[in-house]
Amino acid sequence: MNRVKVVIFILIVAAALGVWAAEVGGAPLVSLGNAPDLSGAISQSLVATSNGTLPQAGSDFQINDTKYLDNKTWAASKITLTDKSGNSIDAVVVLRQIKNTYQVVLGPGTAFSADVTKSLPADVIKYLRNAGVVIYSLPGAQP
Amino acid sequence: MTPETKRLLNIVGGLVLVVAIAMAGWGVYVSQTSGILSVSSGDQNAVITISQTGRQAKVIGTGSAKVHLKTGDYQVGVSSSGRQGFAVVHVTTKQTSSVSLNPVSSPQLPSVSTIDFEGMDAFIDQGLSSDQVNAIKQAFFNFNPVAKKVIVDTASLQPGPHNPNTDIGFSTVFKVSIDSISYKGLVHYADLNSARLYLYDPVTNKQVFDSGSI
């Protein structure tokens, strides 16, 4: 009788684990926490591929302001990055809508060369200037 | 076996049974209320991340990944050695959505190379040099840095008016569309290295652009 009970017990446990394995299929359920708009896109562009760490909005950086520009085909955000020592750096990041997603194309930074920014739409450049970003010309560059 | 041991075994066995049944129940719940996202990359070192609008991003694997997700659109990213690739994938309940992504060069700021040009070789047939064709491409970029497609109507190219007594250089007139907007174009050139692009409204003939000498 005890032997029968043990066998039934093992069968039930095995069946239950089998159902679990079949349904979940080695693919864990992932849920994403709430965060400001574009923070996910900014995080993804900042992923450290050397160790696979992903900076998170709210802890590794804060988004202070986001503006959608040029008929929402561009976006720019003022962010504050915090390093492991607790030092904060304010910066601006520029995103462009590419294939229905916003991707970081410039920054984060506080100064960009005129060579790089010349292809940006006028209202993006205006946002950068208003945000205090320095747009500089490299020596010998064409004005 | 003492009664104490028997009781302990019964309790442990009961707990194992409860946990196993709970795991099975959880597995059924997950499979019935979410879909599967399967991501693969040709770069086995690529870090795979996902995010959504208004949500945090998360790393889900390296090289390949398979996760259950609630229904919705997700931005999938792969990153490796400074290169990145992105795609938007829709996940549907009880279905598997698969995407293969490779890290390419970082998202580009607009440049001449991000514009798709068609028909530009026709200028070579008109006698312009490849340097001049590149100058014309630069001129189109300067006119519209965020243009995606420039199509020159190759059948429309013909020499422009030329008075040998007064005119320095030559010109070619043509029709062109920039992101499906039509223009009349004129390229003026006097040597083998530079060119100047003029664009006109095809209806009013009003000049809308002068590139200057490039």
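- Only the backbone of B/Val76 has a heavy atom closer than 4.5 Å to any heavy atom of chain A.
- In this pair, B/Tyr189 and B/Phe170 present their aromatic rings tilted. The plane angle is within the 30 to 60° band.
- Of the atoms belonging to A/Pro36, it is backbone heavy atoms, and not side-chain ones, that fall under 4.5 Å from chain B.
- Contacts of B/Val88 with chain A are made by both backbone and side-chain atoms, with heavy-atom separations under 4.5 Å.
- Each of A/Ile42, A/Thr73, A/Leu38, A/Asp37 was scored for a side chain to side chain contact (heavy atoms under 4.5 Å, CB included) with A/Tyr102, with one residue passing: A/Leu38.
- Contacts of A/Ala14 with chain B are absent, with no heavy-atom separation under 4.5 Å from either backbone or side chain.
- Residue B/Thr53 touches chain A through both its backbone and its side chain, counting heavy-atom pairs closer than 4.5 Å.
- Contact count against chain A (heavy-atom pairs under 4.5 Å) is highest for B/Gly54 among B/Gly27, B/Gly54, B/Ser31.
- Just one residue in the list B/Asp210, B/Leu186, B/Ile178 forms a side chain to side chain contact (heavy atoms under 4.5 Å, CB included) with B/Leu199, and that residue is B/Ile178.
- The aromatic rings of B/Phe117 and B/Phe140 lie tilted to each other, with the angle between the two planes from 30° to 60°.
- Donor-acceptor pairing under 3.5 Å is recorded for the side chains of A/Gln103 and A/Thr101.
- When each of B/Ile60, B/Ile50, B/Leu37 is checked for heavy-atom pairs under 4.5 Å with chain A, B/Ile50 comes out on top.
- Counting heavy-atom pairs closer than 4.5 Å to chain B, the top residue among A/Ala15, A/Ser45, A/Gly58, A/Ser43 is A/Ser45.
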Open item on the list: Run the side chain to side chain donor-acceptor pair (under 3.5 Å) test on B/Gln138 and B/Asn134 for me, step by step, so that the C-alpha distance in whole Å, both residues' side-chain angles and the decisive distance to 0.1 Å come before the verdict.
Closed with: CA-CA 6 Å; B/Gln138 182 66 45; B/Asn134 288 335; over 6 Å; no
